[in-house]
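Reminder, nothing fancy here: chain letters follow the sequence lines and each chain counts from 1. Just so we're clear, the structure is a prediction, and the values are computed from it rather than from any experiment.
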Number of protein chains: 2
Amino acid sequence: MDMRIKEAVELFQEVLFYGTERVIRSVDNPLWEEFSPEQMQSLKLIGKEGRITSARLAVLQGVHKSAVSNRTKKLLQKELIQVVQTADRREKLLELTDAGKSVLEESDRILAEYLEKLMSEQVDDQEIEQFLVIFRKLSAIMKTDGV
Amino acid sequence: MDMRIKEAVELFQEVLFYGTERVIRSVDNPLWEEFSPEQMQSLKLIGKEGRITSARLAVLQGVHKSAVSNRTKKLLQKELIQVVQTADRREKLLELTDAGKSVLEESDRILAEYLEKLMSEQVDDQEIEQFLVIFRKLSAIMKTDGV
DNA sequence: AATGATAGTTTAGGGGCTAAACCATTTTCC
DNA sequence: GGAAAATGGTTTAGCCCCTAAACTATCATT
């Protein structure tokens with residue numbers, strides 16, 4: 001096996017599979033103690049789309065509809081989202097409340113602070129550029145590779 | 001806020017927080033249906049250290065000891081690891097069985113195949129090099145930044 | 001020998017997931 | 001127009017993971 005592939009396997013697992021959880025914990029964002037990553041992602045997608053159905057959210061998040069039902073149920077209880085009824089009586093459109101928007105902004109702000117600090121301490125300018133390039137690429141791959 | 005930081009926040013979340021699960025699913029490794037990422041990581045660390053205590057595993061994985069107890073319980077039941085008793089009757093050293101070693105090797109082989117295919121289709125040689133550089137950096141950061 | 005510390009397990013409760021079952025509503029077909 | 005099929009979302013059932021307290025056996029200290 002190509003040594004590079006072998007190394008890639010190790011790094012891939014270390015960073016993507018096993019490192020993520022550690023990063024989330026080290027950011028030490030109080031909001032992330034109250035809202036799970038799954039709930040945060042739901043907020044993000046709802047915010048991005050403006051108004052969205054549960055079905056679409058399930059597709060975007062790649063999970064079963066009942067998982068979405070459970071997530072949105074909690075977000076509704078926490079009043080971070082609200083329902084807008086459509087003509088189709090079966091359907092519910094979800095949108096962010098002001099509180100939901102605040103949570104998203106605050107969460108991003110804290111993560112930005114964390115990254116800014118991390119980057120200023122451990123990464124030089126050129127590496128930041130490379131980081132962005134590679135992550136843009138990874139993001140693109142994840143969106144196209146049947147992922 | 002620096003636009004680059006803003007972009008980094010988005011990409012970071014997309015790739016590390018929300019993309020990982022999708023990648024795991026798209027690799028389509030049958031072993032990963034039988035063994036969770038948490039169990040796989042335990043196998044990996046046990047394999048790397050040769051013999052290891054639950055306490056050390058808890059530290060390396062950054063989880064509570066009861067989580068480790070549950071993980072190793074399942075791995076024992078599946079006969080992927082076995083216990084070696086020490087002089088300290090409270091303590092148990094864990095080591096891989098041959099079956100455990102096989103699972104690790106097979107899992108890595110499948111992931112290597114996946115990455116090789118991915119890289120040959122969507123990434124050029126220079127990008128592979130950059131990918132490795134950046135991931136080495138990320139891996140190093142995760143090991144030192146109180147992560 | 002009694003007390004405190006330690007290693008690991010079990011218990012309790014919270015989060016997540018899949019998928020079937022369920023219910024109301026809409027669409028399709030005859 | 002009415003019955004059957006499809007659809008949107010919720011609830012139920014069962015499995016997984018986590019944290020942390022409670023618990024038990026063993027070791028170390030006083």
How is [X] classified with respect to the nucleic acid when contacts are heavy atoms under 4.0 Å: base, sugar-phosphate, or nothing?
{"X": "B:Ala87", "value": "sugar-phosphate"}
{"X": "B:Val68", "value": "nothing"}
{"X": "A:Ala67", "value": "base"}

For atom [atom1] of [X] and atom [atom2] of [N], their distance in whole Å:
{"X": "B:Gln85", "N": "D:dT26", "atom1": "CD", "atom2": "C1'", "answer": "11 Å"}
{"X": "B:Met40", "N": "D:dC17", "atom1": "CE", "atom2": "C1'", "answer": "17 Å"}
{"X": "B:Glu34", "N": "C:dT18", "atom1": "CD", "atom2": "P", "answer": "19 Å"}
{"X": "B:Arg89", "N": "C:dT9", "atom1": "CZ", "atom2": "C1'", "answer": "17 Å"}
{"X": "B:Gln61", "N": "D:dT19", "atom1": "CD", "atom2": "P", "answer": "10 Å"}
{"X": "B:Asp88", "N": "C:dG8", "atom1": "CG", "atom2": "P", "answer": "8 Å"}
{"X": "A:Glu38", "N": "C:dT18", "atom1": "CD", "atom2": "P", "answer": "11 Å"}
{"X": "A:Arg56", "N": "D:dG9", "atom1": "CZ", "atom2": "P", "answer": "13 Å"}

Candidate pair A:Glu14 and B:Lys44, rule salt bridge (charged side-chain N to carboxylate O under 4.0 Å, His left out), full reasoning
CA-CA 10 Å; A:Glu14 261 180 55; B:Lys44 220 159 184 50; over 6 Å; no
Taking side-chain hydrogen bond (donor to acceptor under 3.5 Å, both in side chains) as the definition, give me every residue that meets it alongside A:Glu21, ordered by chain and number, with sequence neighbours left out.
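So A:Glu21 forms no side-chain hydrogen bond (donor to acceptor under 3.5 Å, both in side chains) with any residue.
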Separation between CD1 of A:Ile46 and CG of A:Leu80, rounded to the nearest 0.5 Å:
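If I round to the nearest 0.5 Å, the distance is 9.0 Å.
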Distance below 4.0 Å between B:Lys74 side-chain N/O and D:dC15 OP1 or OP2
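So the side chain of B:Lys74 is outside the cut-off, no N or O lying under 4.0 Å from OP1 or OP2 of D:dC15.
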D:dC17 phosphate, OP1 or OP2: any side-chain N/O from B:Ser36 under 4.0 angstrom?
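Yes, within the criterion.
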Map A:Lys78 and B:Arg90 onto DNA chain C by nearest heavy atom, then report which one ends up closer to the 5' terminus.
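Here B:Arg90 is the residue nearer the 5' end.
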Whichever of B:Leu76 and A:Val63 has the more 5' nearest nucleotide on DNA chain C, that residue is B:Leu76
So with a 6.0 Å cut-off around CD of A:Glu127, is the heavy-atom count from everything else above 12?
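Count over threshold, so yes.
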Take atom CD in B:Gln126; do more than 12 heavy atoms of anything else shown fall under 6.0 Å from it?
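No, the 6.0 Å shell around CD holds no more than 12 heavy atoms from other groups.
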Please check if any side-chain donor atom of B:Gln130 sits under 3.5 Å from a side-chain acceptor atom of A:Lys137, or the reverse.
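Their side chains do not contain a donor-acceptor pair, so the 3.5 Å distance test is not met.
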For the side chain of A:Ser54, counting heavy atoms from C-beta on, which of D:dC17, D:dG9, C:dT9 is nearest?
D:dG9
Do any N or O atoms of the protein come closer than 3.5 Å to N or O atoms of nucleotides 10-12 of chain C, and which pairs are they?
from   : atom 1 : to      : atom 2 : distance (Å)
C:dT10 : OP2    : B:Lys73 : NZ     : 3.3

Going by the ring pair (Phe, Tyr, Trp, His ring centres under 6.0 Å) test, which pairs reach into residues 22-43 of chain B, not counting sequence neighbours?
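Passing the test, one end in residues 22-43 of chain B: A:Phe17-B:Trp32.
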By nearest heavy atom, map A:Ile52 and B:Gln39 onto DNA chain D; which one lands nearer the 5' end?
A:Ile52
